[in-house]
Amino acid sequence: MKIGLIDIDSKIPNLALMKISAYYKLLKNEVTLTSPLFADQFDRCFASKIFDYTNMPLLPIWTQLGGSGSKEDNEKKLDPHTENLMPDYSLYNCDYSIGFTSRGCNRKCPFCIVPKKEGRWTSVADICQFWDGQDRIMLLDNSMNTNNHWFEHIMNQLISKKIKVDFSQGLDIRYLNDKQAYLLSKVRLWKRIHFSWDSTKIEKQVRKGIEILHRHNVRYIMFYVLIGFNSTPEDDLYRVETLRGLGVDPFVMPYDKFDDYQRRFARWVNHKAIFKSVKWKDYGRSV
Ligand code: SF4
């Protein structure tokens with residue numbers, strides 16, 4: 001059978017498609033990453049759409065669609081057998097491993113679909129289920145440090161195998177403690193560790209978390225700062241200036257990318273040279 005896989009909008013190799021590929025290759029099918037234009041040349045087609053703001057291409061009616069960005073099927077899951085297969089990294093010539101060690105989240109941020117889609121936090125897989133000896137791992141866990149025991153378990157695996165890690169969805173500063181920070185100081189980092197500061201209500205925890213990280217000399221960090229969702233421009237400025245004062249880089253995420261103020265504020269903060277040299281009161285007036 002000829003299987004066509006369509007990656008509509010992923011920015012990184014699509015994990016679900018790599019697992020579907022592994023499943024059909026095990027059954028000796030011919031699997032190809034293809035485009036919607038060629039979908040009718042295959043016996044079966046699977047498509048994945050990650051983002052809700054990207055365009056939906058025309059697909060044959062028999063295409064099986066999934067992914068968080070597909071309106072009708074954003075809660076569709078792989079069957080457990082396929083979910084547990086080693087991803088077929090050759091589909092994208094991907095030279096690092098990607099996967100989840102946990103799913104879900106115990107918080108309920110109103111702008112986030114994770115708790116609705118995945119439920120409460122739960123551990124799901126050891127790294128050996130998706131790590132194939134590569135020297136880098138991209139973890140997709142939404143809140144990997146929710147559970148101390150699990151965090152220690154995974155971190156000890158990464159440290160002992162000397163794997164460079166990217167916590168791509170960030171860690172939760174509110175759960176951070178000395179043991180976690182110690183482990184972060186020992187692991188090899190592929191990219192900066194990022195945390196989020198979405199509301200001034202958690203200022204105490206943010207300050208405490210940064211103090212713990214600095215105590216363990218973990219300084220390769222940054223904070224995402226969501227603006228435009230239940231926050232005022234004064235709150236936004238307060239959060240980025242507080243982070244600056246604590247010696248940590250903020251990175252602004254506008255909730256509404258088309259809002260003029262949010263776009264300007266994000267441009268000011270995220271352009272590091274400008275953020276260092278120009279005050280918001282001057283930048284905000286000049287553009
Ligand atoms: S902590 Fe992160 S993953 Fe959890 S609900 Fe909030 S935004 Fe979503």
Side-chain angles (χ1 to χ4, degrees), residues 10-12 14-16 48-53 66-71 74-77 83 98-125 130 137-151 154-155 165-177 180-181 184 191-210 212-213 218 221-231 235-236 239-240 242-243 248-257 259 262 266 269-270:
S10 308
K11 293 184 175 156
I12 57 170
N14 185 296
L15 187 58
S48 172
K49 187 171 186 301
I50 303 295
F51 303 105
D52 53 10
Y53 57 82
S68 47
S70 63
K71 281 199 178 61
N74 65 8
E75 293 188 23
K76 196 183 266 179
K77 291 180 179 162
E83 180 66 55
I98 307 178
F100 290 88
T101 75
S102 65
R103 293 276 192 163
C105 179
N106 295 347
R107 305 204 187 274
K108 290 194 170 65
C109 305
F111 49 82
C112 177
I113 66 160
V114 170
K116 190 167 162 260
K117 189 177 174 203
E118 300 182 5
R120 289 181 64 77
W121 185 94
T122 179
S123 57
V124 292
F130 55 88
I137 276 190
M138 179 183 284
L139 293 178
L140 303 176
D141 302 45
N142 290 296
S143 186
M144 191 188 142
N145 64 329
T146 299
N147 180 294
N148 265 324
H149 175 71
W150 188 250
F151 187 73
I154 298 295
M155 290 296 285
V165 61
D166 171 15
F167 302 101
S168 70
Q169 306 305 300
L171 298 175
D172 191 327
I173 196 73
R174 292 163 284 187
Y175 293 122
L176 194 89
N177 55 35
Q180 292 190 2
L184 288 172
K191 296 186 182 165
R192 273 211 277 197
I193 309 168
H194 60 259
F195 300 91
S196 298
W197 186 4
D198 297 330
S199 156
T200 46
K201 287 182 191 148
I202 64 161
E203 178 176 355
K204 254 194 193 158
Q205 290 114 305
V206 169
R207 284 182 180 275
K208 184 172 166 222
I210 293 172
I212 295 172
L213 289 165
V218 179
I221 61 173
M222 60 167 287
F223 269 74
Y224 284 128
V225 175
L226 177 71
I227 63 166
F229 189 90
N230 292 346
S231 75
D235 291 341
D236 303 339
R239 283 179 291 153
V240 299
T242 301
L243 290 170
V248 174
D249 277 344
F251 189 93
V252 164
M253 309 283 282
Y255 182 67
D256 179 355
K257 293 185 177 63
D259 177 83
Q262 292 179 40
V269 176
N270 298 346

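We number each residue from 1, following the sequence as shown. Side chains are part of it too, since the values below use all heavy atoms of this structure and drop only hydrogens, waters and symmetry mates. Order of appearance sets the numbers: ligands from 1, and atoms from 1 within every ligand.
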Looking at atom 4 (Fe) of ligand 1, what's its closest protein heavy atom, distance included?
Cys105 SG, 2.3 Å
Do the non-hydrogen side-chain atoms of Gln180 and Leu171 ever get within less than 4.5 Å of each other?
no
Gap separating the CZ atom of Phe195 from the CD atom of Gln205, nearest 0.5 angstrom:
13.5 Å
Is it true that Ser143 lies under 4.0 Å from ligand 1, counting heavy atoms only?
no
Atom 2 (Fe) of ligand 1 touched by protein (heavy atom, under 4.0 Å):
no
Value rounded to 0.5 Å, distance of CZ in Phe223 from CD1 in Ile193
10.5 Å
Residue, atom and distance of the protein heavy atom nearest atom 6 (Fe) of ligand 1 read Cys109 SG, 2.3 Å
Between atom 6 (Fe) of ligand 1 and Cys112, is there an N, O or S atom separated by less than 2.8 Å?
no
Please round to the nearest 0.5 Å and tell me the distance separating atom CD1 of Ile202 and atom CZ of Arg107.
7.5 Å
Taking only non-hydrogen atoms of Pro115 and a 4.0 Å limit, the atoms of ligand 1 in range are 5 (S)
For the residue pair Thr101 and Leu139, establish whether any side-chain heavy-atom pair is separated by less than 4.5 Å.
yes
